[in-house]
Protein chains: 2
Amino acid sequence: MDISSFLTSLLTSFVIFVVLVLLFTWLSRRPGNAPVYYPSVLLRGLDPWEGRGRGTRSPVGWIRQAFAASEPDVVAAGGLDAAVYLVFLSSVLAILVFSAIVLLPVLLPVAGTDHALEDSTGRVPPNVTDFERLALGNVKDESARLWAFIFAVYWVSFVTYFILWRSYKHVSNLRAAARSTSDVKPEEFAMLVRDVPVPPPDQTIKDSVDSYFRALHPDTFYKAMVVTDIKKADKIFQEIEGHKQKIAHAEAVYAESKTTNRPEGTRPTHRTGFLGLIGKKVDTLEYCSEKIKELLPKLEDEQKSTLSDKQQRAAFVFFNSRAAAASASQTLHAQMFDEWTVTEAPEPREVIWTNLPKKIYDRQTRQTVVYLIVFVTVVFYMIPITAISAVTTLQKLREKLPFLKVVVDQPLLTTVLQAYLPQIALIVFLALLPTLLMLLSKLEGIPSQSHLVRAASGKYFYFIVFNVFIGYAIGSSLFSALQDVINNPPGIFTTLGARLPGNATFFLTFVALKFFVGYGLELSRLVPLIIFHLKRKYLCKTEDEVRAAWAPGDLGYNTRVPNDMLIVTVVLCYSVIAPLILPFGVAYFALGWLIAKNQVLRVYVPSYESNGRMWPHMHTRIIAALMVYQATMIGIITAKRFYYSTILFPLLAISLIFAYTCHTRFYPAFAKTPLEVASQQLKETPNMSTIYTAYIPPCLKPEKLEDVEVFEDAQSRTTSRAPSF
Amino acid sequence: MDISSFLTSLLTSFVIFVVLVLLFTWLSRRPGNAPVYYPSVLLRGLDPWEGRGRGTRSPVGWIRQAFAASEPDVVAAGGLDAAVYLVFLSSVLAILVFSAIVLLPVLLPVAGTDHALEDSTGRVPPNVTDFERLALGNVKDESARLWAFIFAVYWVSFVTYFILWRSYKHVSNLRAAARSTSDVKPEEFAMLVRDVPVPPPDQTIKDSVDSYFRALHPDTFYKAMVVTDIKKADKIFQEIEGHKQKIAHAEAVYAESKTTNRPEGTRPTHRTGFLGLIGKKVDTLEYCSEKIKELLPKLEDEQKSTLSDKQQRAAFVFFNSRAAAASASQTLHAQMFDEWTVTEAPEPREVIWTNLPKKIYDRQTRQTVVYLIVFVTVVFYMIPITAISAVTTLQKLREKLPFLKVVVDQPLLTTVLQAYLPQIALIVFLALLPTLLMLLSKLEGIPSQSHLVRAASGKYFYFIVFNVFIGYAIGSSLFSALQDVINNPPGIFTTLGARLPGNATFFLTFVALKFFVGYGLELSRLVPLIIFHLKRKYLCKTEDEVRAAWAPGDLGYNTRVPNDMLIVTVVLCYSVIAPLILPFGVAYFALGWLIAKNQVLRVYVPSYESNGRMWPHMHTRIIAALMVYQATMIGIITAKRFYYSTILFPLLAISLIFAYTCHTRFYPAFAKTPLEVASQQLKETPNMSTIYTAYIPPCLKPEKLEDVEVFEDAQSRTTSRAPSF
């Protein structure tokens, strides 16, 4: 890529960004758009413009507000998970800023005043850009200047350790504070039990769970709730809900049709067949009420039979104190690990019910299979990526597809296309993955949504690093490179070292494109805005429907975090090769932090709260990125035939030790609830019945079963074939 | 090594063994030797010959008894750890027997009827032994006969999985049974707390421990005992004990000297200087009584100051039920992992007091350093081993050291020496290691003796496998081989594969020597017998001294297990290369099981009880040996240019999955106490004060401090500089 297409790319990206920000400033000030730009504020029952005076309406008001909001504000608005995500962004920002203030003034002059890229006559060839002249590539082999680069690697590493240590401590305290609040949270009184053994024939599962835990925790056991197979009950429940919505919609339509001219109005009708397009035409209001009347007794029957006959081998066990629940969930219960496995209970809203009854061997097998699939996918997705990187020069494309000549020969279009084609290919490609990975992770048998997101984003990270980074960097001669690596694993350093510098410009453009266009779209929310207005105009008739049209969703950590991690990896790896990438990295994370904070305060609504359990995951991956960086630098400096590069080896060991130390020191408090935290005094005596009810799935608790006693009795009803005595 | 020296080695070993067994039969029947051959029986207060009639005195009576003893007998006599060790031996025996009954009839004809070792004229060269002709080496390259060997590897692997799974289950049940007995064991009511944070200045450590655990376990906390620095108190205590022993000894000597001729006798004297050889001559009885009188008040003062001023940042916390202790020791207590770390308490008699107060970072650093040292030692001990294997042929030795000619030129001596020299060098070499490894492991900060033994024997295993097996097998060209391996790690398979077959005879002799001579010595107990008789005749005057002279000690798992593991590894690896090694392996473990059972029933007395925690360690190492074997076989068969060897690769994966499955299924019940087990009913109401007293170190609980209240008060006495209020 030459300098002009690089600048074009940068400039167009920037223009798009500015346009989008201006759009945002204009659109977000129109009250009608409030549900798009302030949904979180509205949902918390506040007025978006209340009490903030002129500031809010000024073009930069949102920036001022984002800066002004404190961490507790963020926790209050978006939960601890959002606050932890902001800590992640600011930590990376701090790492890059501290790196930049030393690396830029030191390395640019050192590299810029050397002459490796000059030809024999002492002149710089015209195809070498200034950008390349200010990078490691311009330093001669065996030059003593390489000491500066070795120092830089050490500096970046220690800055990373320092910032990460502080951040881990900070997040750890945040988590402890959030967990020791005096609010009653149902999940803190519960424990999830899986792999319940088959009960004797005269007992239901519920009875055996009850008697087992009552015997082991005689003083603290409150109640147990057995997980049931709610598939059928849920289907009927959803049907009823659907009919209710249809009635509400039809009533609104009916009311609208009663104009003064035709006070009787038109009763809305629909067809009962496929998609309402074929079949008998019926009066919607009558038909749906009829259906509901039909379904309600069915639901009731189904609820009863579900509770008594469809008990699964998993349960929630409730204790009468937080400390008892915390202690019990950390204690091994059965002699055989494949029975009565206990874990902390997830929040009721994030439970994945269908995964709970999966047996331990089933889970292990599924996990193995899923990891195999992911591994195979990582390896074979390299083929399309390799193809992309081989075809990315338009000249090659033109040779192979002559009919493109007309397009390619237009100079302006060529420049733009040349600047964007590979990046767009990559971005589209990556957009397809998260759904697949969430699906795969769900198949593993993971019991909660937050865990699922962590698992999926872990896989996505490997995907991204292996495919995009290593895949693109090693580029077109991937397979020969792979061959080298297999025959000579330490050679991966030199292979990476030899190939990375050439791709610096590509990744610079990639980062720039991602943040200008990505953040512009994120902030301006153009897509949700258009969808909202279309829906409101043509589809929504009731309040509920309008509310559903602007429901903001949550932050989507499973794609956000790995994408940010890719940028971290890329920027770290190039920080010493081509220090000019650092300002772009700083801009990415500074803007990212600002925009994410704005979105957290005003837009997104968390769908669950894991109290920062995402952090250890982020922490480990930042260290992984750092180690990729360190290994790469060893290779690059060795490739310059500068054998003092060996003094970088200890860094790899230090990184491992650092990761291990952080893990032993901080991780246990993330994986388990410390007794110190669980023993905090509560504000009020917990209402155990409310806690218990929180875990009843919606399809099992409407109307007649609202009384918990009935629910319980239904579960305990002995379905004995053999008499109890 | 040629066939004659091999047979000589075998024959002499066997003769030595027979002589030693005859000696044992003769010696063990003499009542005066009972303390050497029946110490465990005597200590349990039984009569060695009681009620067993003629059988005991018949030459094979011990064999009959060993077979007759059931597992509960073994547990009663030698504890669960001994029973688990016997399970280990019998499991390996079963693996080898099942392997042998298929491998011998299948592989011997397949190998024996091929012709790879014949020269071009179709005759077998005279230097090829029958032993070599019946091995894999005689199969031609690319021969379809190699399918039989591939099948054999699969057979051995699946036999191993099957036996190991059954054994793990069996040991797991043994452990559960042992742990759920209704006897009161102090360690089941206690929990070890380390990394106690520095208390505020107006509190002692004892106070802060008390208040912390009382707050977190209000209903179940009984008492806490802070670990103190007992070095000085223990020194005084030992001095007093030494003087007491001297007085007892001197009194016996004095009484002996009062013959009818000289009724006044001679008062024993000794010199006070170095080793009693120089210095002033004093009357022993008077001098020692004087000394004790002097030391007693000193001890008392020291005890008091130890308890109040030398409190360390570690403690034992006692609970009023087993379930509470089990649950508490598995629960994370503090938000920061480097404070208040809790683990299950070890038995009082196996506590390593000096290691308890070591902080977590100290422990981690020490562990890292120790592993580094072990790693360096593993690598550098290869040099002497290589030297040994280079010099092991006497001819080479003779060339280098001409003065040995006289010895070497005697034909008989040459044969014997040639047969034994390398093996003896190895055995002597390995005998030096265990002490070093125990010392190193102790430096890691491990809190209990049983854990220490596991750690040391783990290190010893790596040592043995790397040095003896790989080191000797790769042999004289070790460094060039190492070079190959570093450049091309997968090449380790081919390297091992190419070199192993040639050393089969060496290892066969090694196994034979080990079991014939080793077991002969073990059974006949010649060394303890001689020492006992010498001591009794010349040194012991009092009953206590005689008792000390025959004290049998325990089984010494830290050397036994790794040595057995070496044999397992060697026999497994050669089982397919040279199936004739299998009968030797079977003999080793059959004899080993028989003799170990005899020794457990009659001789050794366990010095601690870890309830079979050694088993997971043995299990993992058997799988490691199996994987070395599988990898080696892949190499060997590939070296025969038979590329279907790739169908052996899945075996490596299966082994890993098997190990992982066993680990998740069984290991937690070894690392922690399941609540099910801890909640068993007790025979009697536990006497909490006895439980507490069990953990007071001997030097802190004599005479005046026998009253626990005093001990406690001394610990709680506030040493405040700032007034409490």
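Just so it is clear: chains get the letters A, B, ... in the order the sequence lines come, proteins before strands, and each one is counted from 1.
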Does any heavy atom of chain A fall under 4.5 Å from the side chain of [X], the backbone, both, or neither of them?
X: Ala323(B); answer: neither
X: Tyr667(B); answer: neither
X: Thr673(B); answer: backbone
X: Phe670(B); answer: neither

When you compare the side chains of Gln364(B) and Tyr660(A), does any donor N or O come within less than 3.5 Å of an acceptor on the partner?
no
Which heavy-atom pair separates Leu332(B) from Gln330(A) by the least distance, and what is that distance?
N-OE1, 2.6 Å
Pairs of heavy atoms under 4.5 Å with chain B: top-ranked of Ser679(A), Ala215(A), Ala334(A)
Ala334(A)
Can you tell me how far CZ of Phe213(A) sits from CG of Leu675(B), rounded to the nearest 0.5 angstrom?
9.0 Å
Gap between atom OG1 of Thr331(A) and atom CD of Glu676(B) - 0.5 Å precision:
13.0 Å
Check whether more than 12 heavy atoms from other residues, nucleotides or ligands sit under 6.0 Å from atom OH of Tyr361(A), and answer yes or no.
yes
